[in-house]
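Notes follow the structure.
Residue numbers start from 1 in every chain, and the chains themselves are labelled A, B, ... in the order their sequence lines are given, proteins ahead of strands.
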There are 2 protein chains.
Amino acid sequence: MINDLTPIATSTRADIVEIRIREYLSNKKLKTGDTLPTELELAEALDVSRNVLREALSRLRMLGLIETKKKRGMVLSAPDILGSFERVLNPQLMDENTMKDIFELRLVLELGMADLLYLRKTDKDIAELEQIVKKDKNADAEEFRISQEIAFHGKLYEITGNNTLKRFQTMLMPIFGFVLSNSHHSIKSGVSHSDLVQILKNGDRDSFSDAMREHLRPHIEFLKER
Amino acid sequence: MINDLTPIATSTRADIVEIRIREYLSNKKLKTGDTLPTELELAEALDVSRNVLREALSRLRMLGLIETKKKRGMVLSAPDILGSFERVLNPQLMDENTMKDIFELRLVLELGMADLLYLRKTDKDIAELEQIVKKDKNADAEEFRISQEIAFHGKLYEITGNNTLKRFQTMLMPIFGFVLSNSHHSIKSGVSHSDLVQILKNGDRDSFSDAMREHLRPHIEFLKER
DNA sequence: TAAACCTATATGTAGTACATAAGTACCTAA
DNA sequence: TTAGGTACTTATGTACTACATATAGGTTTA
């Protein structure tokens, strides 16, 4: 009851200024390359000290929303949408639910990427996969096994040709690693990396989808315990 | 040739301080709830003005990495991993490639979520979907059609029970909306929302996967033109 | 003993001052 | 005339000081 009441968010001036500047940007429909007023002008217009204003600007600068150059002033720029994501992706600080959400997200991505793979794969890609898989047989050490996992699945993401997706996966790796070490490997998968490569090479999309699902089966089973 | 050379990133003191504090947090393996030194102590230790320090802290505060209270000082906290993402997701500023990447991402997610749906769906969910679909037949106006799309597919994300995934979708909606309006609807889908609901209700996972793929077919075809 | 009050302290905000880089315009010399 | 240099101007970057404000924690008082 009373626990549901979270303290009201008393926002600082910097918080408000950040929002106001955001609004300013979208209201004026500013685009990449457009210049902003100077710090002094903004500070005066918003009636805050330059100090507070700079705290807000510092945030936008970090996100890559604005870039500043001495004398030239500030220009609006296209942020790297994953850059900010990267900054908060610290497994150490992540609560367990989010961690599980992200683990599920990985499964959904890999189960759903078959179409992209078949649309974009090249002979060169297949050759690389075969190279990676070749090292699989002497995968006895735990550490080596994980690096093989990363190499193989990472390459799949790469084949999708979707750079955002690939980077996303790279960032999420530490999380995957964490959950992977959570020994739910009692169930052994019936489909190996090697099998997947062969199907990707010669089989059709549907077979691959089925195989991938079988390959990830231990993880999917794990979800049911949740 | 020469165009490939981007200007060297001359970082400000605030940039460096931000990184240093990050390192400090992970090196000391601090966890949620742990307290940080005071601003004065940090500023002195890093040999920067309190001003610069506060610009860096302001960034971490925005990300939700730290929370501050008067007198009590600063405590480390679990950031909302999607909050920062939301801040940069401005279609107005996004370059076209990223936009397309995100559109593909949506398709991958929806093609891959079948297992989660079958794992978590309830009778109540199905009933809600049927409610939504019921309005579909009088979907003549463009605007209404889009709102139906959002309601239906949004509900699917909700059924996955994965809150991160659902929020992710909500944020990405404006992007989807943008790409949707890019008239690649010449190809008509052979599977309607209503069909999907029926299969989700009575059919098995594989049938649903196939049906969803057929439903999204116009979009998948669109990818090939890329 | 409990309520009211005080005090020390850490963050929040403002203002001033100066450093630094980078455009701009002017000026000089070949 | 023009290339190249010089001085000036301006916007951001950094530092320092001062004070406001909230509050945890101790002290006094009824």
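- Across the protein-nucleic acid pair, B:Ile66 atom CD1 and C:dA10 atom P stand 16 Å apart, rounded to whole Å.
- Within a 6.0 Å radius of CD in A:Glu44, no more than 12 heavy atoms belonging to other residues, nucleotides or ligands are found.
- B:Thr12 and B:Asp15 share a side-chain donor-acceptor pair at under 3.5 Å.
- The aromatic rings of B:Phe103 and B:Phe222 sit perpendicular to each other, their planes meeting at more than 60°, with 30° as the lower class boundary.
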Once each nucleotide of nucleotides 11-18 of chain C is scored for protein heavy atoms under 4.0 Å, what B/S/- sequence comes out, 5' to 3'?
BBBBB-B-
Apply side-chain contact (heavy atoms from CB on, under 4.5 Å) to B:Arg120 and B:Glu158, showing your working.
CA-CA 10 Å; B:Arg120 310 246 163 89; B:Glu158 195 182 315; over 6 Å; no
Before giving the answer on ring-ring contact (aromatic ring centres under 6.0 Å, His included), spell out for B:Tyr157 and B:Phe168 the whole-Å C-alpha distance, their side-chain angles and the decisive distance to 0.1 Å.
CA-CA 9 Å; B:Tyr157 281 86; B:Phe168 197 54; 8.8 Å; no
